[in-house]
Amino acid sequence: MKQVTDNTLFNHIPLMRPWLEIAEWEALKEVILSGWVSQGPKVQEFEQVVANFVGAKYGIATNSCTSAIHLALHTQGIQPGDEVILSDFTCMADANAILMAGAIPVFADIDIHTFNLDPNHVELCFTEKTKGILIIDQIGMPANLDEITELARKHDCILVDDAATSLGATYKGKYLGGHGIPTTYSFHPRKMITTGEGGMLVTDNPEINNKARILRSAGASVSDLERHKAKGTILQKYATNGFNYRLTDIQAAIGLIQMNRLPEMIRIRNEQAMYYSNAIQEIDELEPPFIPSYAKSCFSSYLIKIRKGISITPSDVIHHMADKSISCRYGIMPIHREPYFTVRSLKDEDYPASCDVASRSFFIPIFPGLLQEEMDKIVKTLKSVFVKKPGR
Ligand SMILES: *Cc1c(COP(=O)(O)O)cnc(C)c1O
């Protein structure tokens with residue numbers, strides 16, 4: 001069997017491809033032959049490695065980031081009927097996690113430059129039912145944590161930071177999860193590291209840690225690993241009902257190898273982003289991503305905005321790029337527009353920044369296996385879209 005390392009295999013440049021090598025395959029062999037394939041010692045090790053990396057006390061691995069967010073809300077007391085504020089510029093998974101807790105997602109508009117919550121708009125969303133804010137560090141870029149933490153304090157709300165895409169990004173010099181806010185990560189292949197599917201909640205709070213571990217595994221007071229170590233002499237008790245949100249040792253073994261590679265992934269993505277941002281400055285019609293002084297992005301994706309008043313649309317760009325065998329994608333769709341929320345009759349006018357960014361942004365490929373000549377081709381093709389414009 002041959003490893004896919006060559007983008008020309010599919011005859012096009014993909015938007016993203018995970019960095020997986022023989023080392024991951026070898027790690028799988030070890031786990032499979034050990035006989036322990038469900039949540040066990042590898043999950044425990046993976047939790048410690050990720051928590052240490054980001055600077056949090058505890059890591060609780062889960063089968064997805066969605067379930068990690070649900071645990072973070074549930075363990076902090078979010079109840080049915082509570083309102084939780086989140087960004088309008090995000091995927092359904094964030095709203096789903098809030099709905100899973102029985103709570104009501106309330107959408108706030110974003111800052112047009114950072115694509116993250118606009119604290120001024122968040123302020124307008126509070127009601128007497130507001131109990132939490134789900135911060136999202138969108139597309140690898142940390143949100144303005146201090147301003148949102150201040151709002152949460154003022155309104156007596158709990159916080160969860162969804163850093164699904166942002167493992168390796170820093171806010172004021174520290175990784176997300178290292179700021180005392182319960183923080184979640186995703187290990188889906190579109191994110192920084194992958195375990196196929198998977199997620200993790202990191203926290204410094206021992207109570208959240210204990211509760212989340214129990215809820216993750218059916219509500220059992222004792223994990224399989226603890227019971228095994230005790231040689232069957234302890235019996236688990238169920239003081240609460242729970243979920244099956246367990247990650248497997250098969251996945252954690254892959255995750256451990258991926259974590260070794262994370263610093264290199266962050267370095268390469270930042271170099272690629274720098275190359276793009278320099279090149280895009282030569283195209284008047286395009287705006288490269290904005291980086292606020294408090295943050296360092298990990299560039300899990302690279303989102304470009306077409307400047308206001310330009311007649312070329314993201315659709316035009318995406319089609320032109322596809323003709324040249326380059327995969328691009330539309331930016332994130334404002335979540336208030338999803339058919340599921342139609343009953344609320346939410347208006348685009350209430351989310352001007354989110355709608356504006358969605359209408360004129362698109363993703364271009366960025367990932368560690370992307371070659372320099374492929375990036376050259378991407379930039380050249382982008383330039384040709386805008387040079388074709390009439391009157392130039
Ligand atoms: C991908 C993503 C999620 C969902 O992660 P899963 O692991 O697929 O559940 C949640 N929030 C954001 C911002 C994401 O990008």
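Every number for a ligand or one of its atoms is a count from 1 in the order of the listing.
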Is Arg329 atom CZ crowded by more than 12 heavy atoms from other residues, nucleotides or ligands, each under 6.0 Å away? no

Please work out which of Pro189, Ser166, Ser186 has its closest non-hydrogen atom nearest to atom 7 (O) of ligand 1. Ser186

Say whether [X] and [Y], considering side chains only, have a donor N or O and an acceptor N or O under 3.5 Å apart.
| X | Y | answer |
| --- | --- | --- |
| Tyr275 | Asp376 | yes |
| Thr127 | Glu83 | yes |
| Ser327 | His12 | yes |
| Thr381 | Ser384 | no |
| Asp137 | Ser166 | no |

Is there a polar contact between ligand 1 and [X], counting only N or O atoms under 3.5 Å apart?
| X | answer |
| --- | --- |
| Gln138 | no |
| His188 | no |
| Thr66 | yes |
| Lys191 | yes |

Considering the options Arg216, Arg246, Lys57, which one meets the salt bridge (Lys or Arg N to Asp or Glu O under 4.0 Å) requirement together with Glu47? Arg216

Which atoms of ligand 1 are found less than 4.0 Å from any heavy atom of [X]?
| X | answer |
| --- | --- |
| Cys65 | 5 (O), 6 (P), 7 (O), 9 (O) |
| Ser64 | 7 (O), 9 (O) |
| Ala93 | 3 (C), 4 (C), 10 (C) |
| Asp94 | 11 (N), 12 (C), 13 (C) |
| Ile136 | 13 (C) |
| Asp162 | 10 (C), 11 (N), 12 (C), 13 (C) |
| Thr165 | 15 (O) |

Counting only heavy atoms, which portion of Ser67 has something under 4.0 Å from ligand 1: side chain, backbone, both, or neither? neither

May I ask whether Gly198 places a heavy atom under 4.0 Å from ligand 1? yes

Please verify whether a non-hydrogen atom of Gly199 lies at under 4.0 Å from ligand 1. no

For Ala358 and Phe89, work out which heavy atoms get closest and say how close. N-CE1, 4.2 Å

For the pair Phe107 and Phe341, evaluate ring pair (Phe, Tyr, Trp, His ring centres under 6.0 Å) and give the outcome as yes or no after the intermediate values. CA-CA 11 Å; Phe107 311 122; Phe341 298 110; 4.9 Å; yes

Should Lys308 and Asp356 count as an ion pair when the cut-off is N to O under 4.0 Å? yes

